[in-house]
Amino acid sequence: MPSWALTLAFWLHMVATVVWIGGLFYHAAVLLPALQQRWPHADQARLLDRVRRRFDPLAWLSLAVLVASGLVQMAANPQYQGFLSIENRWSAAILAKHVAIGFMVVAAAYQTWSLQPALERALLRITRAQDEMGQTAPLILRLQTMVRLNFALGLLVLALTAIARTA
């Protein structure tokens, strides 16, 4: 593999990591705590919906870039012995990292295709003046939990990456 291709793969991997994990950090450490400062639940839900519409495409694109660039890096690594071949500390860390990423993808999919549509339906009911607190409050709490869980998994992925790099 040409060195420029590996350099490009490393760069793309880092950019995608910053976008994905950085976005999760922003959600978990800045946006969600700010929203808890006595904002009406309907306003919280509307803002979260707007932010999601901007962030979701970037997050899913980042995931695709992470997969592609990660496969290039893994194949070029001299410690890579083959699929599910756990021969050394590096391969164990990479396997654990991929399991954690799998959980992150499941959490993101749940947010994107289950939790967010439920929040959108609740917002529609609110605009029709049918329900304010009963629908949005539990959904926002679940969303906060999922964002924090996904961010914690992202930190775990970064720690496993560090272990693999030093193996």
Side-chain angles (χ1 to χ4, degrees), residues 9 12-74 83-84 86 92-164:
L12 288 171
H13 205 76
M14 287 187 285
V15 169
T17 300
V18 167
V19 169
W20 196 16
I21 306 296
L24 291 172
F25 172 78
Y26 173 78
H27 277 80
V30 177
L31 181 62
L32 294 176
L35 286 177
Q36 292 175 346
Q37 303 301 315
R38 296 193 177 115
W39 278 48
H41 289 283
D43 292 342
Q44 289 182 33
R46 283 185 193 96
L47 180 60
L48 288 170
D49 185 57
R50 287 186 190 124
V51 170
R52 178 200 57 85
R53 289 175 190 268
R54 301 274 313 203
F55 180 65
D56 274 3
L58 294 172
W60 287 110
L61 175 62
S62 294
L63 178 62
V65 170
L66 285 166
V67 168
S69 60
L71 289 173
V72 169
Q73 290 178 54
M74 190 169 61
F83 183 69
L84 289 179
I86 315 299
I94 293 297
L95 176 62
K97 174 183 172 178
H98 289 150
V99 168
I101 289 169
F103 282 116
M104 290 180 77
V105 170
V106 168
Y110 170 71
Q111 283 178 243
T112 300
W113 293 300
S114 180
L115 194 52
Q116 292 294 349
L119 194 55
E120 288 175 21
R121 288 189 299 276
L123 281 173
L124 284 173
R125 284 190 287 279
I126 290 168
T127 58
R128 295 180 186 148
Q130 293 175 353
D131 185 11
E132 157 93 32
M133 292 289 289
Q135 295 295 319
T136 57
L139 293 170
I140 290 170
L141 286 174
R142 247 189 290 161
L143 179 65
Q144 291 170 340
T145 301
M146 293 308 296
V147 167
R148 288 182 181 120
L149 171 66
N150 220 353
F151 178 60
L153 287 168
L155 292 177
L156 176 62
V157 166
L158 293 176
L160 292 166
T161 300
I163 291 169

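Treat the numbers as computed from the prediction; the structure is a model and nothing was measured.
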Measure the [atom1]-[atom2] distance between [X] and [Y] for me, rounded to the nearest 0.5 Å.
X: Met104; Y: Leu63; atom1: CE; atom2: CG; answer: 9.0 Å
X: Leu119; Y: Leu48; atom1: CG; atom2: CG; answer: 6.5 Å
X: Leu66; Y: Leu12; atom1: CG; atom2: CG; answer: 9.5 Å

| query | Under the side chain to side chain contact (heavy atoms under 4.5 Å, CB included) test, which residues partner Val106, sequence neighbours left out? | reply | none
| field | For Ala96, side chain to side chain contact (heavy atoms under 4.5 Å, CB included) partners two or more places apart | value | Leu160
| request: Mind listing the closest non-hydrogen atom pair of Ala93 and Ile163 along with its distance? | output: CB-CG2, 3.8 Å
| field | Atom of Leu139, atom of Ala118 and distance for their closest heavy-atom approach | value | CD1-O, 3.5 Å
| query | Does Gln116 have any side chain to side chain donor-acceptor pair (under 3.5 Å) partners at least two apart in sequence or in another chain, and if so, which? | reply | Arg52
Distance-only donor-acceptor pairs under 3.5 Å for side chains of residues 141-156, two or more places apart:
from, atom 1, to, atom 2, distance (Å)
Arg142, NH1, Tyr110, OH, 3.2
Gln144, OE1, Gln36, NE2, 3.3
Thr145, OG1, Leu141, O, 3.0

| request: Give every residue pair that meets the salt bridge (Lys or Arg N to Asp or Glu O under 4.0 Å) criterion with at least one member in residues 12-22, sequence neighbours excluded. | output: none
Less than 3.5 Å apart, which donor and acceptor atoms pair up between the side chains of residues 15-30 and the rest of the protein, not counting sequence neighbours?
from, atom 1, to, atom 2, distance (Å)
Thr17, OG1, His13, O, 2.7
His27, ND1, Gly23, O, 2.7

| Would you say the side chain of Leu32 lies within less than 4.5 Å of the side chain of Ile140, judging by non-hydrogen atoms? | no
| query | With side chains defined as the heavy atoms from C-beta onward, is the minimum distance between Leu35 and Asp43 less than 4.5 Å? | reply | no
| query | Less than 4.0 Å between a side-chain N and a carboxylate O, is that true for Asp49 and Arg46? | reply | no
| query | Passes side-chain contact (heavy atoms from CB on, under 4.5 Å), Leu47 versus Leu31? Steps please. | reply | CA-CA 10 Å; Leu47 180 60; Leu31 181 62; 4.0 Å; yes
